[in-house]
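Note that these values count all heavy atoms, side chains included, but never hydrogens, waters or copies made by symmetry. The chains referred to below are lettered A, B, ... by the order of the sequence lines, with proteins before strands, and numbering in each begins at 1.
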Protein chains: 2
Amino acid sequence: MDTAQQQGNGRGVGQRAGLTRDAVVRAAREILDTDGYPALSMRSLARALGVRPNTLYSHVSDKLELVDALLDDRLGAVVISRSRDPQRRVRDMMRSTYDVLVGTPGLVPLYLTRQGASGENAQRLGRALRADLGELGLPEAQRQPALSTLVVHTIGFAAYATADPARDDARPARPAAEARAEFHRSLDWLLDGMLSRDGARAASGAPDAGSEDPARGRG
Amino acid sequence: MDTAQQQGNGRGVGQRAGLTRDAVVRAAREILDTDGYPALSMRSLARALGVRPNTLYSHVSDKLELVDALLDDRLGAVVISRSRDPQRRVRDMMRSTYDVLVGTPGLVPLYLTRQGASGENAQRLGRALRADLGELGLPEAQRQPALSTLVVHTIGFAAYATADPARDDARPARPAAEARAEFHRSLDWLLDGMLSRDGARAASGAPDAGSEDPARGRG
DNA sequence: CTTGTTAACTGTACGTTGTCCAGTTATGTT
DNA sequence: AACATAACTGGACAACGTACAGTTAACAAG
């Protein structure tokens, strides 16, 4: 943090600004926190760094790569629970994930689009959760499905909570605390269903025959 | 369908093309089906209709409005289940929703962003589901939360299933049938947890004290 | 059958985006 | 002290959504 990121735009051609990939990601995160995702463009980011837009491509190959870096970066803020009860651990980590995601609204849909960020932090979190699910008695083969179920559910709720409501209808934009409580409840439902023997039965051996063939899209 | 939508670009100024808002939406849906969401721009849509881009603004106020129309349009393909068992009805409708959503990959994240489309079809589906949830014994106050839980969960899974995997890692891109089965299982879990008395207890009166304060994002 | 109003269209253009190409030159290596 | 590397600039391209000001076809009213 010695020579970098002052916005000194009075720099001639060939003069270095001392950027690093990390500095770029960090600056992007700052824009994200301050002005939200729509305000994050390669150009605004370059401007914030006192640099021409194309310069960024020396440190990041793509906007997509930058976004991926941001996604995983965020996941570093999720706390790995240290509770004694494994179910409580899972619950707390998912709650924490939700809170972190809701903290950066515009980014959330991208977690879905990018299949949940496969970076370092994501893997660390995934390992912890898988271990806990194993400890909770889920057979090996069901752990990964259960994990992505939890993750997708959580991201989905975060995305929904941070969505801007449709412009035309005047729904009063439900407060964040309420959305959070709703997520907590649904998470309990999901965990209950997932971990109860009943749930296991319904999942594997339920009479699926006689289903009325729920038309796979007709348009 | 008499005078419209042939791509006769040899039309002078002031000459009408006979467009209607419906024709525009229909053409947009076609582009969506054929070439996917990224290929849908106001300009490509105009090109497909044999018209200049700004013409579209006579029929649609915005791209956002167009997208909203498309979102709800899609939901029209969801089949309202007629099964005898209300839980089966709910399950089938959510499954159908999933199938429909997966049918238009690029559109799915927008359902989250736009808070699930509040158009005519969405409301029809919502009414049916709420009624069934009532029939299943959920108290009035819990129906709406339960409904959005189901919806968010379903959209989340559809979004995840249709996401293009991160470019760098070579995960073998799990087949669609597998993703579908996974969704079915998770939906059963969720319904089980939601409708069991156990679930109700865990949701309302569980000892939430003593939680280790799952840090709400630390930076 | 004329007249006037409305709204569907075109032409043009603005500002924005991500990204590429061809240079320049500071920096680290030999 | 000469050289390779890579961090930068200048400029540009193709695409995007959308606005403004015209032209004129279609329709209602007289």
Ignoring hydrogens and geometry beyond distance, is a side-chain donor-acceptor pair present between A:Thr55 and A:Ser58 at under 3.5 Å? no
Assuming nearest nucleotide by heavy-atom distance, tell me which of A:Pro53 and B:Pro53 is located more 5' along DNA chain D. A:Pro53
Hey, what are the protein-to-nucleotides 16-18 of chain C N/O distances that come in under 3.5 Å?
residue, atom, partner, partner atom, Å
C:dT17, OP1, A:Ser41, OG, 3.2
C:dG18, OP1, A:Met42, N, 3.4
C:dG18, OP1, A:Lys63, NZ, 2.9
C:dG18, OP2, A:Met42, N, 2.9
C:dG18, N7, A:Arg43, NH1, 2.5
C:dG18, O6, A:Arg43, NH1, 3.0

Distance in angstrom units between A:Leu19 CG and D:dA6 C1', rounded: 13 Å
B:Leu66 CG - D:dC16 P separation (whole Å): 14 Å
Decide whether A:His59 and A:Thr20 meet the rule of one side-chain donor and one side-chain acceptor closer than 3.5 Å. no
Between B:Val152 and A:Tyr160, what is the shortest heavy-atom contact and its length? CG2-CG, 3.5 Å
Give me the ring orientation class for B:His184 and B:Tyr98: parallel if the planes are under 30° apart, tilted from 30 to 60°, perpendicular past 60°. perpendicular
Does a side-chain N or O of B:His59 approach OP1 or OP2 of C:dA7 to a distance below 4.0 Å, or not? no
Please state how far atom CG in A:Asn54 lies from atom P in C:dG23, giving the value in whole angstrom units. 15 Å
Under 3.5 Å, is there a donor-acceptor pair between the A:Glu182 and B:Thr149 side chains? no
Could you please name the option among C:dA26, C:dC20, D:dA25 that lies closest to any side-chain atom of A:Arg16? C:dA26
What integer distance in Å separates B:Arg52:CZ from D:dT23:C1'? 15 Å
Would you check if there is a donor-acceptor pair between the side chains of A:His153 and A:Ser186 at a distance under 3.5 Å? yes
